[in-house]
Amino acid sequence: MSSYTPRVAIVTGAAQGIGLSIVQRLAKDGIDVAVNDIPSKLSLINEVVDSIKATGRRAIAIPADVTSEEQVRDMVETTARELGSVDIMVANAGIGRASNFLETTMEDFDAVTAVNFRGVFLCYQQAAKQMIKEGHGGRLIGASSSAGKEGTISISVYSGTKFAVRGITQAAAKELGVHGITVNAYAPGIIVTPLIELAPGLQTLEEKLDAFRQRLGLPPHTPAAGPEVVANVVSFLCKPESGFITGQTISVDGGLRFS
């Protein structure tokens, strides 16, 4: 495996939540970042970019839809052109729509699979092509979930896409290792993000977490943590000393799943 030192990362879905925490951590590690999210979040993307630049690191805003092959290709090419290379791709963007299995619509099915599965695949593929072109190896890192290690009620489609991320992570790791590219994923459990914090009709964070656990059929005392715990794992996977780790999906869930 390559022992290269990465300099430039693309992080998708980085305007808030886990993606934002990853961008902040990588910048702290001395990595320049391309900050991606959907175009409707451009103002938030720009805020993130400005905050990273204030620390002395380089950062660029790249609003794009990860379900579009053309837009993902342009995102990768723009990063290489403006920041000099593409060393890391963190395919973090994802969405979830909760519904009972029998009530799930094909509209929801298509929307969730487009972002969570197609989006990760495209980000892996286009970044890998650029890394091979540059010839320095690289790091591909994708967003799975604890729901991608054990099927979870109320989010059957989401759960399926996160299993799929594990599959393409393993397959890509086998194919891309010869190029010095490692491919891994992270599988968070309950992470406190704006999605949970803004839950309507509940007052305290613990009430919101209890409702979240109940909706997904999780034990009442399932632990929760902030997004920085995921960012810490991503930080390690980007370092030269992680070069012998590939094809893995690392649980970051306080012991919720042991597989």
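Sequence positions, counted from 1, serve as the residue numbers for this chain.
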Practice task
In sequence, state the C-alpha distance, the side-chain angles, and the governing distance for Asp29 and Cys238, and then conclude on side-chain contact (heavy atoms from CB on, under 4.5 Å).
Solution key: CA-CA 10 Å; Asp29 291 343; Cys238 292; over 6 Å; no

Is there a path of hydrophobic side-chain contacts, each under 4.5 Å between heavy atoms, that joins [X] and [Y]?
X: Phe163; Y: Val157; value: no
X: Leu44; Y: Val35; value: no
X: Ile168; Y: Val178; value: no
X: Ile38; Y: Ile10; value: no
X: Leu83; Y: Val72; value: yes

Does the side chain of [X] pick up a donor-acceptor pair with the side chain of [Y] at under 3.5 Å?
X: Thr12; Y: Asn36; result: no
X: Lys28; Y: Thr55; result: no
X: Thr113; Y: Arg118; result: no
X: Ser99; Y: Thr104; result: yes
X: Gln126; Y: Gln130; result: no
X: Ser235; Y: Lys239; result: yes

For the [atom1] atom on [X], are there more than 12 heavy atoms of other groups (residues, nucleotides or ligands in this structure) within a distance under 6.0 Å?
X: Glu175; atom1: CD; answer: no
X: Glu134; atom1: CD; answer: yes
X: Glu241; atom1: CD; answer: yes

Exercise for the section: Applying salt bridge (Lys or Arg N to Asp or Glu O under 4.0 Å), name anything that partners Arg58, two or more places apart in sequence or on another chain. Expected result: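 Salt bridge (Lys or Arg N to Asp or Glu O under 4.0 Å) check on Arg58 returns Asp32.
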
Beyond-backbone contact of [X] with [Y], side-chain heavy atoms, under 4.5 angstrom:
X: Met75; Y: Met89; answer: yes
X: Leu140; Y: Leu176; answer: yes
X: Val165; Y: Tyr186; answer: no
X: Cys123; Y: Val66; answer: yes

With distance as the sole test, does [X] use its side chain to make a donor-acceptor pair with the main-chain N or O of [Y] at under 3.5 Å?
X: Ser154; Y: Arg215; result: yes
X: Lys149; Y: Lys162; result: no
X: Asn184; Y: Gln248; result: yes
X: Asp253; Y: Gly255; result: yes

Exercise for the section: List in chain and number order the residues that pass side-chain contact (heavy atoms from CB on, under 4.5 Å) with Ala147, two or more places apart in sequence or in another chain; answer none if no residue qualifies. Expected result: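 side-chain contact (heavy atoms from CB on, under 4.5 Å) check on Ala147 returns Ser145, Thr152, Ile155, Tyr158, Ser159.
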
Handout entry: Residues Ser21, Val230; criterion side-chain contact (heavy atoms from CB on, under 4.5 Å); working and verdict
Key = CA-CA 8 Å; Ser21 189; Val230 179; over 6 Å; no

Closest heavy-atom contact between [X] and [Y]?
X: Ala114; Y: Thr67; answer: O-CG2, 3.3 Å
X: Ile62; Y: Ala34; answer: CD1-CB, 3.9 Å
X: Asp37; Y: Ala14; answer: OD2-N, 3.3 Å
X: Ala127; Y: Val76; answer: N-CG2, 4.0 Å
X: Ala59; Y: Val49; answer: O-CG1, 3.6 Å
X: Ile181; Y: Ala128; answer: CD1-O, 4.1 Å

Practice task
Identify whether the distance between the nearest side-chain nitrogen and carboxylate oxygen of Asp210 and Arg213 falls below 4.0 Å.
Solution key: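 Yes, this pair counts.
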
Problem - Charged N-O contact under 4.0 Å between Glu69 and Arg73 - result: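 Arg73 and Glu69: salt-bridged.
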
Problem - Test applied, side chain to side chain contact (heavy atoms under 4.5 Å, CB included); reference residue, Ile52; option that passes from Ile31, Leu26, Val33 - result: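 Among Ile31, Leu26, Val33, the one meeting side chain to side chain contact (heavy atoms under 4.5 Å, CB included) with Ile52 is Val33.
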
Practice task
Given side-chain contact (heavy atoms from CB on, under 4.5 Å), test Glu206 with Leu209 step by step and report yes or no.
Solution key: CA-CA 5 Å; Glu206 193 55 40; Leu209 288 171; 4.0 Å; yes

How long is the gap from [atom1] on [X] to [atom2] on [Y], to the nearest 0.5 Å?
X: Thr182; Y: Arg139; atom1: OG1; atom2: CZ; answer: 4.0 Å
X: Asp65; Y: Gln71; atom1: CG; atom2: CD; answer: 5.0 Å
X: Ser242; Y: Ile141; atom1: OG; atom2: CD1; answer: 7.5 Å
X: Leu42; Y: Asn46; atom1: CG; atom2: CG; answer: 4.5 Å
X: Ile88; Y: Leu237; atom1: CD1; atom2: CG; answer: 10.0 Å
X: Glu150; Y: Leu256; atom1: CD; atom2: CG; answer: 7.5 Å

Practice task
Write out all pairs satisfying side chain to side chain donor-acceptor pair (under 3.5 Å) with one or both partners inside residues 220-229, taking only residues at least two apart or from two chains.
Solution key: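 Passing the test, one end in residues 220-229: no pairs.
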
Practice task
Please step through side-chain contact (heavy atoms from CB on, under 4.5 Å) for the pair Phe236 and Ile245, ending with a clear verdict.
Solution key: CA-CA 10 Å; Phe236 173 70; Ile245 301 172; 3.5 Å; yes

